[in-house]
S.K.: 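The structure that follows is given in the form of structure tokens.
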Amino acid sequence: MEMLQDVKKRVYRFGNKATDGNSKMKNLLGGKGANLAEMSSIGIPVPPGFTITTDVCTEYNLLGQETVIEMIKEEVEESISNIESFMGTSFGDKNNPLLVSVRSGARVSMPGMMDTVLNLGMNDEVVEGLAKKTNNEPFAWDSYRRFIQMYGGVVLGMKPASKEDIDPFEEIMEHLKEKRGIHLDTEFTIQDLKDLVYDFKDTVKKRTGHDFPTNPWEQLWGAIIAVFNSWNGDRAVYYRNIHGYPANWGTAVNVQAMVYGNMGDNSGTGVCFTRDAGTGENVFNGEYLINAQGEDVVAGVRTPQQITKLGSERWAELAKVEEDDRAANYPSLQELMPSIFKELDYYQGTLEKHYRDMQDMEFTIQDGKLWILQTRNGKRTGAAMVKIAVDLLKEKMIDEKEAILLLEANKLDELLHPIFDPSALKRSHVIAQGLPASPGAATGKIVFFADEANKYKNTILVRIETSPEDLEGMNIAKGILTARGGMTSHAAVVARGMGKCCISGAGALKINYKNRTLTVDDHEYHEGDWISLNGSTGNIIEGKVATMEPELSGEFAEVMKLADKYAIMKVRTNADSPKDAKVARSFGAQGIGLTRTEHMFFEVDRIKAMREMILADTVKGRKQALEDLLPMQRADFEGIFKEMEGLSVTIRLLDPPLHEFVPHQLATQKELAEDMHISLQAVKNKVAELEEFNPMLGHRGCRLGNTYPEITEMQTRAIIEAAINLKERGVVCKPEIMVPLVGTVKEFETQEQIIRATANKIFEERNDTIEFLIGTMIEVPRAALMADLIAEKADFFSFGTNDLTQMTFGYSRDDAGKFLPIYLKKGILKVDPFEVLDQEGVGQLVKMGTERGRSTKPNLKVGICGEHGGEPSSVEFCYKTGMDYVSCSPYRVPIARLVSAQAAIKATL
Ligand code: ADP
Ligand code: MG
Ligand code: MG
């Protein structure tokens with residue numbers, strides 16, 4: 001045991017070509033750590049450092065601080081001396097100090113969700129030594145004040161707790177700026193910086209009751225533990241939850257020698273992308289600031305400048321900055337530091353080729369030398385995702401399978417969503433323009449605080465700038481608008497990740513949080529006023545602008561074609577009308593997996609006939625009413641069959657409890673009584689009679705058709721006659737009749753006999769036949785258990801996973817709203833099982849049902865028609881289960897097609 005403990009490696013070094021880790025070790029080293037190792041191994045200049053593994057974070061959560069520090073102490077100390085020998089400096093040495101950053105890094109990137117501390121190792125003596133050594137006093141003191149600020153926030157818990165609280169350090173800085181009549185952090189004098197350090201430490205003492213720690217080792221352990229803790233911080237937990245990342249992944253900790261972008265005008269820091277993350281255009285782009293450190297670019301404190309000249313010119317046009325002004329005051333890095341730019345351009349090309357995907361990089365220039373601090377596969381919009389995949393394929397950087405796997409299925413959704421109607425847009429009034437940070441069209445009412453994003457149905461979150469605390473609100477709002485920040489600001493990056501429309505850096509906006517007003521020029525807008533955002537142009541528009549369906553790009557068609565080439569499992573759609581069927585077919589649906597006949601009955605002219613049928617006391621009366629319904633149903637089916645010409649169409653027989661169809665309001669009850677020439681009381685009695693204690697488990701599904709066979713007869717007639725009518729017109733239809741809610745073989749058999757008898761009768765009447773299938777939904781757990789016997793009779797199975805989930809969990813879908821949200825919040829359930837198929841539990845029934853069914857009928861057709869049929873992880877599960885198809889709502893069809901292809905490709909890897 002002891003031996004094993006000793007063997008386990010918990011700290012991995014990087015810094016030159018001989019690194020311990022590589023990019024494949026993301027689970028252990030976190031994405032940041034793995035990529036830092038990979039970059040150093042291929043000769044990219046990365047400041048040396050080491051990574052404490054994600055396993056240690058999990059150990060920390062189990063065993064606590066003391067045990068874990070004991071476990072890694074030796075490895076950490078050795079790794080620090082390793083950095084020291086690289087850098088020729090030493091940790092805590094006041095004449096020649098090594099300062100480090102302590103950075104978090106989970107296996108997936110969670111921008112801004114966890115914490116980082118820069119310039120660690122500083123104290124009153126070290127700052128003097130650093131000043132002397134670099135001959136740069138302002139730099140040394142600027143670094144010191146930044147360190148106390150970050151350490152105070154991250155490690156000592158001095159971050160503002162809520163939106164009303166002010167960051168204590170920011171407050172001190174603001175005061176001083178006001179007093180000195182300056183605006184920028186870079187304008188502080190040495191004395192100012194010294195005063196700030198003094199005041200900062202004083203505040204720390206007052207707030208925490210302790211002196212600011214001066215011992216670098218104490219600082220280091222404090223920061224390492226704080227990073228571990230940040231994995232369980234509110235922001236990180238929320239982010240994890242919306243993305244479904246499990247708590248036991250943990251975060252790694254990266255400790256790395258500092259390089260300084262704040263050493264003066266020959267230094268700087270920036271963020272860049274190898275391609276445009278908004279559009280996918282193949283242009284290198286990014287932003288930087290001279291004499292700045294760390295997050296300065298992202299934080300939006302100063303207006304960042306563009307990296308390339310092209311980018312700078314495009315920016316100037318949007319920001320309405322004249323060329324002279326631009327060249328003098330906001331030059332690109334390409335113009336300002338041409339040789340650094342060239343080097344950076346070379347690295348971005350190298351990294352993109354190496355990772356074979358668009359990269360998002362961080363860099364720092366220290367006194368004329370370039371360092372790369374991070375690279376990762378960049379977050380991008382749905383449109384950019386599709387374009388980049390197609391372009392990389394054309395550039396032969398990746399092959400077809402890789403191109404398909406590069407796509408994130410859910411993001412296709414963005415491409416299918418409405419855009420502004422061009423004619424409405426022409427008439428609209430643009431009030432200001434910002435940066436087109438994340439494309440899309442959003443219309444909503446103004447709110448100023450993230451936690452009020454659900455105050456109205458559609459909201460636009462308007463902020464001076466956003467921060468990670470705003471995440472939840474950003475997710476709810478339809479669009480995000482910020483007055484500050486560039487294309488790489490927090491708002492921009494997060495919005496692109498969410499596929500949410502965002503405009504950032506709209507400098508003309510004056511936002512007053514206290515009065516809840518937005519002022520542009522002289523016009524004041526208030527909370528609750530409508531505005532619209534065009535995330536593709538950066539235009540901010542007054543009022544509500546009409547939207548319309550988007551046109552799909554050529555690249556979209558290309559990736560979908562590619563997906564179909566590799567997909568094995570088919571994708572059908574759930575469609576109740578010819579219109580839905582048409583939309584779905586244009587999205588590539590390969591048939592219909594579920595037509596719910598009841599939806600047709602709710603239309604005005606039909607509901608009456610339906611009600612008469614339900615209220616009828618005799619079979620004769622019921623048949624009479626059904627006869628009125630027949631032509632309407634038949635016409636609907638003809639319409640649907642026509643849209644789906646040549647493809648299979650599954651139609652489900654009447655399913656919901658009848659009380660859903662009867663009127664519950666007095667006025668409508670009266671009307672019905674008059675129409676039917678019966679007393680109001682008779683109507684009331686019937687409505688009361690239909691009342692059920694538990695309608696979801698009541699008189700519904702095939703229980704209807706088995707108690708009122710004439711309903712099944714009528715529906716079968718409508719289906720078969722529609723098919724024959726079309727056949728006569730030369731349209732090929734493939735009807736599949738589906739019996740809902742079967743639990744016993746006999747239930748199915750009884751329905752099957754009615755269907756066959758009716759069909760045969762029609763064949764005789766028409767002197768013609770049509771091929772059709774009769775199958776069943778598997779949605780009652782008993783049906784999954786009895787699947788082998790049911791399959792002897794049924795031609796196909798379709799898993800109705802909504803009901804199956806409801807009955808397996810015993811959660812009433814109609815009442816789950818009372819406890820599901822709480823279950824999710826408390827982590828009792830990881831995800832909503834009505835949204836994401838519960839593969840562990842309900843999935844067993846799906847697997848068992850499929851296997852048992854095919855044990856007696858090897859060629860049994862199997863599909864799924866619950867809401868899960870369009871949810872990526874569930875679709876992948878269906879493929880693994882061996883289903884023939886999934887069926888989902890029209891707008892999910894492209895997503896399911898892509899996942900089907902990805903699942904097939906993954907199975908061959
Ligand atoms: P996040 O995961 O939130 O991006 P990072 O760990 O990347 O946080 O760090 C925050 C900022 O500090 C980034 O801009 C990064 O480039 C910068 N930074 C981190 N470590 C160093 C370092 N050793 N030297 C200089 N800058 C650093
Ligand atoms: Mg970073
Ligand atoms: Mg059902």
Side-chain angles (χ1 to χ4, degrees), residues 14-15 29-36 39-40 45-52 80 83 86-87 89 91 97-122 139 142-143 146-147 149-151 153-154 220 223-224 226-227 230-231 233 235-236 239 251-263 267-273 286-289 291-301 304 344 359-367 369-379 467-468 471 486 488-490 493-494 497:
F14 57 83
L29 303 180
K32 199 179 288 169
N35 285 335
L36 284 167
M39 282 197 289
S40 22
V46 167
F50 58 88
T51 304
I52 304 170
I80 286 279
I83 304 181
F86 260 124
M87 300 296 287
T89 51
F91 194 52
L98 166 70
L99 299 190
V100 295
S101 65
V102 177
R103 322 170 65 185
S104 59
R107 59 168 87 174
V108 288
S109 100
M110 298 166 64
M113 286 304 109
M114 292 184 296
D115 295 319
T116 294
V117 179
L118 302 181
N119 308 326
L120 187 141
M122 272 287 189
F139 149 70
D142 181 56
S143 303
R146 286 171 183 268
F147 170 56
Q149 200 171 346
M150 291 183 113
Y151 198 90
V154 173
L220 180 62
I224 290 172
V227 170
S230 70
W231 175 251
R235 280 178 286 152
Y239 194 90
T251 177
V253 183
N254 301 290
V255 178
Q256 188 176 25
M258 280 305 301
V259 289
Y260 308 101
N262 56 336
M263 283 184 89
S267 302
T269 184
V271 179
C272 56
F273 300 88
E287 294 173 332
Y288 76 104
L289 278 174
N291 196 11
Q293 191 177 46
E295 306 276 63
D296 288 1
V297 173
V298 190
V301 226
L344 182 63
Q359 295 297 296
D360 164 355
M361 303 147 57
E362 290 170 5
F363 64 91
T364 283
I365 303 156
Q366 173 177 325
D367 202 15
K369 169 153 176 51
L370 177 64
W371 296 90
I372 307 294
L373 283 157
Q374 190 172 328
T375 193
R376 61 183 174 212
N377 297 340
K379 296 209 183 295
S467 71
L471 202 76
T488 53
S489 66
H490 176 265
V493 172
V494 171

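One-based numbering, in listed order, for ligands and for the atoms of each.
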S.K.: Taking the six-membered ring for Trp and the single ring otherwise, decide whether the centroids of F139 and Y260 are under 6.0 Å apart.
M.R.: yes
S.K.: Need the ligand 1 atom indices (1-based, order shown) with element for anything under 4.0 Å from a heavy-atom of V259.
M.R.: 24 (N), 25 (C)
S.K.: Answer with yes or no whether the side chains of N291 and N262 bring together a donor and an acceptor at under 3.5 Å.
M.R.: no
S.K.: Do you know which N/O/S atom name in E362 is closest to the Mg ion (ligand 2)?
M.R.: OE2
S.K.: Tell me, please, if Q374 has any N/O/S atom, main chain or side chain, under 2.8 Å from the Mg ion (ligand 2)?
M.R.: yes
S.K.: Might you work through the side chain to side chain contact (heavy atoms under 4.5 Å, CB included) test for V227 and V154, ending with a clear yes or no?
M.R.: CA-CA 8 Å; V227 170; V154 173; 5.6 Å; no
S.K.: Polar-atom distance check: L373 versus ligand 1, any N or O pair below 3.5 Å?
M.R.: no
S.K.: Can you tell me which portion of P47 lies within the under-4.0 Å heavy-atom range of ligand 1? Options are side chain, backbone, both, or neither.
M.R.: neither
S.K.: Can S267 and D367 be counted as having a side-chain donor-acceptor contact under 3.5 angstrom?
M.R.: no
S.K.: Below the 3.5 angstrom mark, is there an N/O of R103, backbone or side chain, next to an N/O of ligand 1?
M.R.: yes
S.K.: Taking atom types as modelled and ignoring hydrogens, do the side chains of Q359 and T375 form a donor-acceptor contact shorter than 3.5 angstrom?
M.R.: yes
S.K.: Side chains of Q374 and D360: donor-acceptor distance under 3.5 Å anywhere?
M.R.: no
S.K.: Quick one: look at T116 and ligand 1, take heavy-atom pairs under 4.0 Å, and tell me if it's side chain, backbone, both or neither.
M.R.: side chain
S.K.: Is the closest basic N to carboxylate O distance between E295 and R146 below 4.0 Å?
M.R.: no
S.K.: Any idea which part of E362 is under 4.0 Å from ligand 1, heavy-atom wise: side chain, backbone, both or neither?
M.R.: side chain
S.K.: Establish, from distance only, whether the side-chain atoms of T251 and S104 form a donor-acceptor pair under 3.5 Å.
M.R.: no
S.K.: Nearest heavy atom to atom 10 (C) of ligand 1: which of Q256, K32, E295 does it belong to?
M.R.: E295
S.K.: Within the 4.0 Å heavy-atom shell around Q374, which atoms of ligand 1 are there?
M.R.: 4 (O), 7 (O)
S.K.: Which of the atoms of ligand 1 are close to L118, meaning less than 4.0 Å from one of its heavy atoms?
M.R.: 12 (O), 18 (N), 19 (C), 20 (N), 21 (C), 27 (C)
